Number of protein chains: 2
Amino acid sequence: MDFNETKNIFLQIRDWIADQILQGKIVAGEKIPSVRELAVDMEVNRNTVMRSYSLMEEEGIIENKRGIGFFVAADAKSKLLKMQKQAFLNDELPMILHQIEVLKLNSSDLQILIQTIQSNDHENQ
Amino acid sequence: MDFNETKNIFLQIRDWIADQILQGKIVAGEKIPSVRELAVDMEVNRNTVMRSYSLMEEEGIIENKRGIGFFVAADAKSKLLKMQKQAFLNDELPMILHQIEVLKLNSSDLQILIQTIQSNDHENQ
DNA sequence: TATACTGTCATAGTGTATTATGACACTAAA
DNA sequence: TTTAGTGTCATAATACACTATGACAGTATA
């Protein structure tokens, strides 16, 4: 995995797992990679992965079965949807709006953005 | 100034100055606060401000007159517009699109975003 | 010339993310 | 019971952002 230099690795690992869950690539009850395994895969220290998992456990996204590993919580997806949606609308969107205003980006520049939003209008649930 | 914990302070100071220039609050040729002055204002070490200014000098946004201070470069605004626009479209937008898709955000959720974009359509230059 | 500003450099200390490694308890399966 | 897989904790080392502080040179002004 290639990490962004501006964001902490343990947070990027959390985001990556969360993304897998939101996309349905990992479902409720399913086991996620072991701390050691993911550390090797991502070429990262196991303590760093451990920190990501501990964070997600606090957030109620994953649960631990001692001696076995970590598993996706039953309500992980709905919880993540709620959390991330709120985070996006409250924290990220204001900064995005500000950038668009200052850079005077118009419909032409952001054509793909508008299309993406509109394609979500025709979906249910 | 209140800093974001997830981003380096010296980068946030750079962004803040860049924003002032893009908004026209500081114009070409104008002097920006001295390293020591801004450090006190922002309750930050002067070395941290120095690092921001050195970065902006490398980027050609500001220029130094020895013994006097830093001044906004003649082409700072156009250079910033070009740099930031490219950075936004190439680096930030893809991640924003991904979030919108995964979280299934629609026109209702992002009403204000669409409005902001459209209001830029009616501006020239 | 003296004073008070500018930026600049050097040094040392603090906090924290990340790494490296070893040790231990729990669980499942051979 | 042994073995291999889980997570967990403790320790030390490295890297880097940030702070604290002192010293020095250039510039403008009284």
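All of these numbers come straight from a predicted model, not from anything done at the bench.
- With salt bridges taken as basic N to acidic carboxylate O contacts below 4.0 Å, none links B/Lys79 and B/Glu59.
- Comparing B/Lys31 and A/Ile68 by the nucleotide of DNA chain C that holds the closest heavy atom to each, the one mapping nearer the 5' end is B/Lys31.
- Considering only the side chain of B/Thr48, D/dC18 comes nearest among C/dT18, D/dC18, D/dG7.
- The CD1 atom of B/Ile32 sits 12 Å away from the C1' atom of C/dG7 (whole-angstrom rounding).
- One can place CE of A/Met42 at 12 Å from P of C/dT19, the figure rounded to the nearest angstrom.
- Between A/Arg51 and the phosphate of C/dA17, there is a side-chain N or O to OP1/OP2 separation shorter than 4.0 Å.
- With hydrogens and angles ignored, no donor-acceptor pair under 3.5 angstrom links the side chain of B/Asn8 to the base of D/dA17.
- The 5' end of DNA chain C is approached more closely, in terms of each residue's nearest nucleotide, by B/Pro33 than by the other of A/Lys65 and B/Pro33.
- Along DNA chain D, the nucleotide closest to B/Glu43 and the one closest to A/Gly67 are compared, and the more 5′ of them pairs with A/Gly67.
- Comparing C/dT6, C/dT18, D/dG7 by their nearest atom to the side chain of A/Val35 picks out D/dG7.
- B/Asn47 places its CG atom 16 Å from the P atom of C/dG13, with the value rounded to the nearest Å.
- At least one test fails for A/Lys65 against the ring of A/Phe70: distance under 6.0 Å to the centre or angle within 45° of the axis.
- Counting to the nearest Å, the P atom of C/dA10 and the CZ atom of B/Arg46 are 14 Å from each other.
- For A/Ser34, counting side-chain heavy atoms from C-beta on, the closest listed nucleotide (D/dG7, D/dT19, D/dG26) is D/dG7.
- Residue contacts for B/Arg36: at a heavy-atom cut-off of 4.0 Å it reaches a base atom on one of the strands shown.
- If you measure from atom CD1 of A/Ile9 to atom P of D/dA15, you get 15 Å, rounded to the nearest angstrom.
- The CZ-P distance, from A/Phe3 to D/dC16, rounds to 17 Å in whole Å.
- As rounded to whole Å, 11 Å separates atom C1' of C/dG7 from atom CD1 of B/Ile62.
- Proximity note for A/Arg66 (side chain, C-beta onward) versus C/dT19, C/dG7, C/dT27: the nearest is C/dT27.
- Protein atom CZ of A/Phe70 is 10 Å distant from nucleotide atom C1' of D/dT6, rounded to whole Å.
- Neither A/Leu55 nor A/Met42 shares a network with the other; the hydrophobic side chains, linked directly or stepwise wherever heavy atoms of I, L, V, M, F, W or Y lie under 4.5 Å apart, form separate groups for each.
- Using a 4.0 Å cut-off between charged nitrogen and carboxylate oxygen, B/Lys7 and B/Asp15 count as a salt-bridge pair.
- Considering only the side chain of A/Tyr53, D/dG7 comes nearest among D/dG7, D/dT19, C/dT18.
- For B/Arg46 against B/Val35, the heavy-atom pair with the smallest separation is O-CG1, 3.3 Å.
- Closest to the side chain of B/Asn45, from the set D/dG7, D/dA20, C/dT6, is D/dA20.
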